[in-house]
Trainee: 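Quick one: structure below, then a few questions.
For clarity, every value in this text was computed on a predicted model and none was experimentally measured.
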Amino acid sequence: MSRVIVCGGDGYLGWPTSLYLSNNGYDVAIIDNLSRRKIDIDLNCSSLTPIASIEERLNAWSSATGKSIQFLNIDIACEFELLLFFIKEFKPDAIIHFAEQRSAPFSMKSSKTKIYTINNNLNATNNILCSIVDSGYDIHLVHLGTMGVYGYGSIGTTIPEGYLTVFIEGDDKNQFKKSIIYPPDPGSVYHTSKTMDALLFSFYNKNDGIRVTDLHQGVVWGTNIKETSLDPRLVNRFDYDGDYGTVLNRFLIEAAVKFPLTVHGKGGQTRAFININDTVKCIKLALENPSDRGDKVKIFNQVTEVHTVNDLALKVAKLTGAEIKYFVNPRKEAKENTLKVCNDNLINLGLDPITLNDGLMEEIYEIADKYKERCDKSKIICRSTWVREIEVDEIGYDEPID
């Protein structure tokens, strides 16, 4: 039985991944400092779905399946010795790294949240890498990254999986061929932290031979997987607020509570997407197909389709009858962009993508409708702005957007 530690295993993606792996024969341990729950308190906004305590969750999993998951409450960004001790004790074959502040808007909320995002994310990543080195074990690190490291500009070509072949003119005018990491273009402090992760992975891979798979994931939609539906206490998070709510989930709760769908700008931003069920499958595929020791960092684009934000809003409006309203875009980004993404690696490993359809949207809408009384409408509009001068006011579709 493969043993795996899931760092950040209490979160939106870490929790279903932990259950999915446990149900598929892995011996799973979760490390989490429960910081996402603390951020709920700071933002005064809870998950739409009621989340049981981590102890209740783990007891429910054991009752439902007869399987157990270990849990350790430590902050890996600042408790290195405890992390190293647990790794030596548990002896994992792999570590999955979800333990990072994951919201771009939250990272841009204030100087305080920018500093927190950098300190938390980079220290967590470096401490995991150092602990793998000091443990002396050959541990495969699987990291959940983001497509946002590439930025959202239109460059007229398909984004490759991590690496780009370039030709450099030498001093003697001869052309030299080189493979480099695709140039990053982060659009927030959160995305910047992920690009810095990539440099840490490259260094420890080159210097210490650590095997790393970096998954550049698109925007996740959906809430539950089969495993989180086994017991109400296992239900997954459903974030809808302007800081943490992913765009499709946010649209669906807006429709359920009769709130206008909030499109930023004219909605021409194109994003890559993936269903939460495919997320957990991709993690498992990455675990089952590690690189050989000595190989460079593996980089997969963990996406299944692309859509513009406005197209998604129109789909939800057609499904639910919701009204669409357009707001000043709080982000500093292009008004519209095109996006083509290569995802051959995961497809070739056997991923059969779940693509967006009305049936799956209806399933999420039913969850949103079931818990709509828990929605605080005042938290829906994004109040985090990239530029201080921007005020988040409602605007009409045909009005100019600066």
Trainee: Give every residue pair that meets the salt bridge (charged side-chain N to carboxylate O under 4.0 Å, His left out) criterion with at least one member in residues 90-107, sequence neighbours excluded.
Mentor: Glu100-Lys194, Arg102-Asp239

Trainee: Take Trp221 and Leu360 through the test side chain to side chain contact (heavy atoms under 4.5 Å, CB included) and record every step on the way to the result.
Mentor: CA-CA 10 Å; Trp221 59 279; Leu360 287 170; 3.5 Å; yes

Trainee: For Glu333 and Asn329, does a side-chain donor sit closer than 3.5 Å to a side-chain acceptor?
Mentor: yes

Trainee: Who passes side chain to side chain contact (heavy atoms under 4.5 Å, CB included) against Ala334, sequence neighbours left out?
Mentor: none

Trainee: Sequence neighbours left out, what pairs pass salt bridge (charged side-chain N to carboxylate O under 4.0 Å, His left out) with at least one residue falling in residues 221-231?
Mentor: Asp231-Arg233

Trainee: Determine whether the side chains of Ser107 and Gln101 contain a donor N or O and an acceptor N or O closer than 3.5 Å.
Mentor: no

Trainee: Side chains of Asn121 and Thr117: do they bring a donor and an acceptor to under 3.5 Å?
Mentor: no

Trainee: Please determine, by modelled atom types, if Asn310 and Thr308 share a side-chain donor-acceptor pair under 3.5 angstrom.
Mentor: no

Trainee: So does Ala77 get a backbone contact from the side chain of Asn120, meaning a donor-acceptor N/O pair under 3.5 Å?
Mentor: no

Trainee: Compute both the distance and the angle, then confirm whether Arg237 meets the cation-pi test with Trp15: under 6.0 Å from the six-membered ring centre, within 45 degrees of the axis.
Mentor: no

Trainee: Hey, mind stepping through Ile253 and Phe259 against side chain to side chain contact (heavy atoms under 4.5 Å, CB included) and telling me if it holds?
Mentor: CA-CA 8 Å; Ile253 183 55; Phe259 195 93; over 6 Å; no

Trainee: Residues in ring pair (Phe, Tyr, Trp, His ring centres under 6.0 Å) with His191, at least two apart?
Mentor: none

Trainee: Would you kindly check if the NZ (Lys) or CZ (Arg) of Arg3 is within the cone defined by 45 degrees around the ring axis of Phe90 and under 6.0 Å from the six-membered ring centre?
Mentor: yes

Trainee: Judged by atom type as modelled, is there a donor-acceptor pair below 3.5 Å linking the side chain of Ser47 to the main-chain atoms of Phe238?
Mentor: yes

Trainee: With no hydrogens and no angle check, just 3.5 Å: does a side-chain donor-acceptor pair link Tyr240 and Asp376?
Mentor: no

Trainee: Taking the six-membered ring for Trp, are the ring centroids of Phe176 and Phe167 within less than 6.0 Å of each other?
Mentor: no

Trainee: Listing request: all salt bridge (charged side-chain N to carboxylate O under 4.0 Å, His left out) pairs with a residue in residues 241-255, at least two apart in sequence or in separate chains.
Mentor: Lys109-Asp243, Arg250-Glu254

Trainee: So, Trp61 and Ser22: side-chain donor and acceptor under 3.5 Å apart, yes or no?
Mentor: yes

Trainee: Considering the options Ile225, Val303, Ile354, which one meets the side chain to side chain contact (heavy atoms under 4.5 Å, CB included) requirement together with Asp278?
Mentor: Ile354

Trainee: Would you please say whether a donor-acceptor pair under 3.5 Å links the side chains of Thr355 and Glu305?
Mentor: no

Trainee: Would you find more than 12 non-hydrogen atoms of other residues, nucleotides or ligands less than 6.0 Å from Asp172 atom CG?
Mentor: yes

Trainee: State whether Tyr163 and Lys296 meet the cation-pi test: NZ (Lys) or CZ (Arg) under 6.0 Å from the six-membered ring centroid, and within 45° of the perpendicular axis.
Mentor: yes

Trainee: Counting N and O atoms only, with roles assigned by atom type, does the side chain of Asn174 sit under 3.5 Å from a partner on the main chain of Gly170, one being a donor and the other an acceptor?
Mentor: no

Trainee: Please check if any side-chain donor atom of Thr270 sits under 3.5 Å from a side-chain acceptor atom of His307, or the reverse.
Mentor: no

Trainee: Side-chain donor-acceptor pair under 3.5 Å between Asn345 and Glu161, yes or no?
Mentor: yes

Trainee: Picking from Arg36, Arg37, Lys38, what satisfies salt bridge (Lys or Arg N to Asp or Glu O under 4.0 Å) with Asp40?
Mentor: Arg36

Trainee: Would you call Glu366 and Lys370 a salt bridge, using N to O less than 4.0 angstrom?
Mentor: no

Trainee: With no hydrogens and no angle check, is any side-chain donor or acceptor of Asp10 less than 3.5 Å from a backbone partner on Leu34?
Mentor: no

Trainee: Does the ring centre of Tyr182 sit less than 6.0 Å away from the ring centre of Tyr150?
Mentor: yes

Trainee: Answer whether the closest heavy-atom distance between the side chains of Ile274 and Cys282 falls below 4.5 Å.
Mentor: yes

Trainee: Would you confirm whether Asn127, through its side chain, and Ile76, through its main-chain N or O, come within 3.5 Å as a donor-acceptor pair?
Mentor: yes

Trainee: Without swapping roles, check the side chain of Asn207 against the backbone of Phe203 for a donor-acceptor pair under 3.5 Å.
Mentor: no

Trainee: Check whether more than 12 heavy atoms from other residues, nucleotides or ligands sit under 6.0 Å from atom CZ of Phe85, and answer yes or no.
Mentor: no

Trainee: Can you pull out every salt bridge (charged side-chain N to carboxylate O under 4.0 Å, His left out) where at least one residue sits in residues 120-142? Sequence neighbours excluded, please.
Mentor: Asp138-Arg211, Asp138-Arg293

Trainee: Is the Tyr116 ring parallel, tilted or perpendicular to the Phe106 ring (thresholds 30°, 60°)?
Mentor: perpendicular

Trainee: State whether the side chain of Thr17 and the backbone N or O of Gly14 hold a donor-acceptor pair below 3.5 Å, judged by distance alone.
Mentor: no

Trainee: Suppose we call two aromatic rings close when their centres sit under 6.0 Å apart. Are Phe300 and His216 close by that rule?
Mentor: no

Trainee: Side chains of Thr125 and His97: any donor to acceptor distance under 3.5 Å?
Mentor: yes

Trainee: Given side-chain hydrogen bond (donor to acceptor under 3.5 Å, both in side chains), test Thr213 with His143 step by step and report yes or no.
Mentor: CA-CA 6 Å; Thr213 301; His143 172 253; over 6 Å; no

